[in-house]
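Working notes, structure below.
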Amino acid sequence: MSRALTPNVLTPQDLEPNWQWEGRLPAWGPTQVDFERRVDHDRLRRYRLSRTREALRKSSAGSLLLFDVNNIRYVTSTKIGEWERDKMCRFALLTGDDAPHVWDFGSAAVHHRKYSDWLVPDHCHAGVVGMRGTIPPSFGLMKKYAEDIAGLIEDAGMKGMPVGVDYAETAMFEALKEAGLNVVDGQQIMLSAREIKNWDEIQLLTQAASMVDGVYHMIYEELKPGVRENEIVAMSNKLLYEWGSDDVEAINAISGERCNPHPHNFTDRMFRPGDQAFFDILQSYQGYRTCYYRTFNIGKSTPAQVDAYVKAREWIDASIQAIKPGVTTDQVAKLWPKAEEFGFPDELSAFGLQFGHGLGLALHERPIISRAVSLDKPMEIQTGMVFALETYCPASDGYSAARIEEEVVVTDTGCEVISLFPAEELPIANRY
């Protein structure tokens, strides 16, 4: 039996991240080939499961019960499309060193037994609980599965130990307690597992960023008066899905007088000559996400707009230069201006504007870098973390603003930027 078919038999080697820092981080094509060593999916699966078991061993819990689709994918390497993301219809259980169990929506369980040969077939179950309350607790499904889970935990020798749950419906928490399970916070266990990326995850994140590089070149060519924000969003979605994106989570498109304050959305506003406009592209490739802002001007710019861009660039450059293993997040956050210095009453009102956040199977992983949280509760930056750094600067004209974001991989000596569309100076699209 191959190692892919024995997911409960892992070795210390499976915890090795296998980083290769000697050259530029590669962005391979979206397919596997026989003539280049690209992403090793079996190695990726074993690494993620090994990281989870290691995090579980270091915690007080004996088992993890997972409803967060990112955690389910990390542990079981299963996914049934973006349809599942907000349904709360799938769940997985990891108990000690036993192979993971996964409960799937209807026929997906049959599909995984047939095609996901890294799973134990009889650990692939059909099951559903509440689907965000549309199946009432009175139907008894939550009670049934809570008791089934308690039985599996007892069979694995973990009875009496806490069960880490990432999140669940309120009624499911009650059903688990009634089944005799001591529920604790499992999301922190999972986030600690996910914060260090192996070489395969880094390659997937770099490939995802390369797709956005191409989208920004299209945007640069298309930005002109008469085009609307939503049209740029539509064109970007088309390109990304054609190139292999499995989820375009959101695209911000903000221009003109909408730039300040930042609304975090898009509308049908038409671009006008001299507008400052910024965009954020949030999408995933094989589950691994991007968060990647760029700012443009349309046709021409003013000194106030250029000055805002220069300041945003200076702030982000300072933070990039600070990133290396051993630096703490408070040291990075202190390089950014206080909220009051760029027009906001407090740090929570400005949260997410001078910001850093981990990237992986979720848009926001560890580390989080912000003056709102990092100054008092700093985290250590470690080799293998991948995160985005983003800055925002309002212009003195009262309505324009610049927004820049770079994605970085923490290497053994510093960091490498993987968001490569040029942003050293303010790009002027279709200059007059």
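By convention here, the first residue in the shown sequence is residue 1. Since the structure is predicted, the reported quantities are computational estimates derived from the model, not experimental observations.
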Tell me whether the rings of [X] and [Y] are parallel (<30°), tilted (30 to 60°) or perpendicular (>60°).
X: Phe91; Y: Tyr145; answer: perpendicular
X: Trp315; Y: Phe342; answer: tilted
X: Tyr220; Y: His217; answer: tilted
X: His264; Y: His262; answer: parallel

Return yes if some donor-acceptor pair links the side-chain N/O of [X] with the main-chain N/O of [Y] below 3.5 Å, else return no.
X: Lys311; Y: Ala402; answer: no
X: Tyr74; Y: Met190; answer: no
X: Gln354; Y: Tyr392; answer: yes
X: Tyr293; Y: Asn252; answer: no
X: Glu201; Y: Asn198; answer: yes
X: Arg403; Y: Leu353; answer: yes
X: Asp166; Y: Gly186; answer: no
X: Tyr241; Y: Val248; answer: yes
X: Asn237; Y: Ala234; answer: no
X: Arg46; Y: Leu10; answer: no

Identify, with sequence neighbours excluded, every residue that meets side chain to side chain donor-acceptor pair (under 3.5 Å) alongside [X].
X: Arg73; result: none
X: Arg371; result: none
X: Thr52; result: none
X: Gln187; result: Asp68, Asn71

[X] side chain near [Y] side chain, heavy-atom distance below 4.5 Å:
X: Tyr47; Y: Trp199; value: no
X: Phe278; Y: Gln276; value: no
X: Asp40; Y: Asn18; value: no
X: Trp243; Y: Val215; value: yes
X: Ser236; Y: Ile219; value: yes
X: Glu195; Y: Met379; value: yes

Applying side-chain contact (heavy atoms from CB on, under 4.5 Å), name anything that partners [X], two or more places apart in sequence or on another chain.
X: Asn230; result: Arg228, Phe266, Asp268
X: Glu242; result: Lys238, Leu239
X: Ala372; result: Glu347, Leu348, Phe351, Ser370
X: Ile80; result: Trp83, Glu84, Arg90, Asp104, Phe105, Ala108, His112

Do you know which two heavy atoms are closest between [X] and [Y], and how far apart they sit?
X: Leu361; Y: Asn70; result: O-OD1, 2.9 Å
X: Gly256; Y: Arg269; result: CA-NH2, 3.7 Å
X: Ala156; Y: Thr95; result: CB-CG2, 3.1 Å
X: Ser59; Y: Leu56; result: OG-O, 2.8 Å
X: Ser77; Y: Trp118; result: O-CZ2, 3.1 Å
X: Leu359; Y: Thr290; result: CD2-C, 4.2 Å

Any chance you could lay out the side-chain contact (heavy atoms from CB on, under 4.5 Å) test for Leu64 and Val75, step after step, and finish with the verdict? CA-CA 10 Å; Leu64 285 166; Val75 171; 5.8 Å; no

Assess whether ring-ring contact (aromatic ring centres under 6.0 Å, His included) is satisfied between Tyr292 and Phe421, documenting all intermediate values. CA-CA 10 Å; Tyr292 183 164; Phe421 189 85; 8.0 Å; no

When rounded to the nearest 0.5 angstrom, what distance separates CD in Glu249 from SG in Cys291?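 Glu249 atom CD to Cys291 atom SG measures 8.5 Å (nearest 0.5 Å).
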
Which distance, rounded to the nearest 0.5 Å, do you find between the CD of Glu424 and the CD1 of Ile404?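 So the CD of Glu424 and the CD1 of Ile404 are separated by 9.5 Å.
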
For [range], pull every pair meeting salt bridge (charged side-chain N to carboxylate O under 4.0 Å, His left out), keeping only residues two or more places apart or in separate chains.
range: residues 323-340; answer: none
range: residues 404-414; answer: Arg294-Glu406, Arg313-Glu406
range: residues 139-151; answer: Lys143-Glu147, Lys144-Asp148

Apply side chain to side chain donor-acceptor pair (under 3.5 Å) to Ser210 and Asp213, showing your working. CA-CA 5 Å; Ser210 77; Asp213 296 340; 5.4 Å; no

Apply the test salt bridge (Lys or Arg N to Asp or Glu O under 4.0 Å) to residues Glu229 and Arg258: give CA-CA distance (whole Å), side-chain angles for both, the deciding distance (0.1 Å), then the verdict. CA-CA 11 Å; Glu229 292 173 356; Arg258 297 186 65 243; 2.8 Å; yes

Hey, mind stepping through Val373 and Lys377 against side-chain contact (heavy atoms from CB on, under 4.5 Å) and telling me if it holds? CA-CA 6 Å; Val373 297; Lys377 300 289 184 181; 5.9 Å; no

Among Arg43, Arg38, Arg37, whose salt bridge (charged side-chain N to carboxylate O under 4.0 Å, His left out) with Asp200 holds?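 So the option named by the test is Arg43.
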
Show me the side-chain donor-acceptor pairs of residues 168-184 shorter than 3.5 Å, one per line, residues at least two apart or across chains.
unit_1 : atom_1 : unit_2 : atom_2 : d
Glu169 : OE1    : Gly133 : N      : 2.7
Glu169 : OE2    : Met131 : N      : 3.2
Glu169 : OE2    : Arg132 : N      : 3.1

Please test Asp97 against Arg57 for side-chain contact (heavy atoms from CB on, under 4.5 Å), starting from the C-alpha separation and ending with a verdict. CA-CA 9 Å; Asp97 288 331; Arg57 274 193 288 270; 3.2 Å; yes

Just do the side-chain contact (heavy atoms from CB on, under 4.5 Å) check on Ile368 and Phe387 with the steps written out, would you? CA-CA 9 Å; Ile368 293 294; Phe387 52 89; over 6 Å; no

Do you see a donor-acceptor pair shorter than 3.5 Å between the side chains of Arg366 and Gln188?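 Indeed, the side chains of Arg366 and Gln188 share at least one donor-acceptor pair under 3.5 Å.
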
Does NZ in Lys87 sit with more than 12 non-hydrogen atoms of other residues, nucleotides or ligands closer than 6.0 Å?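 Counting other residues, nucleotides and ligands, NZ of Lys87 exceeds 12 neighbours.
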
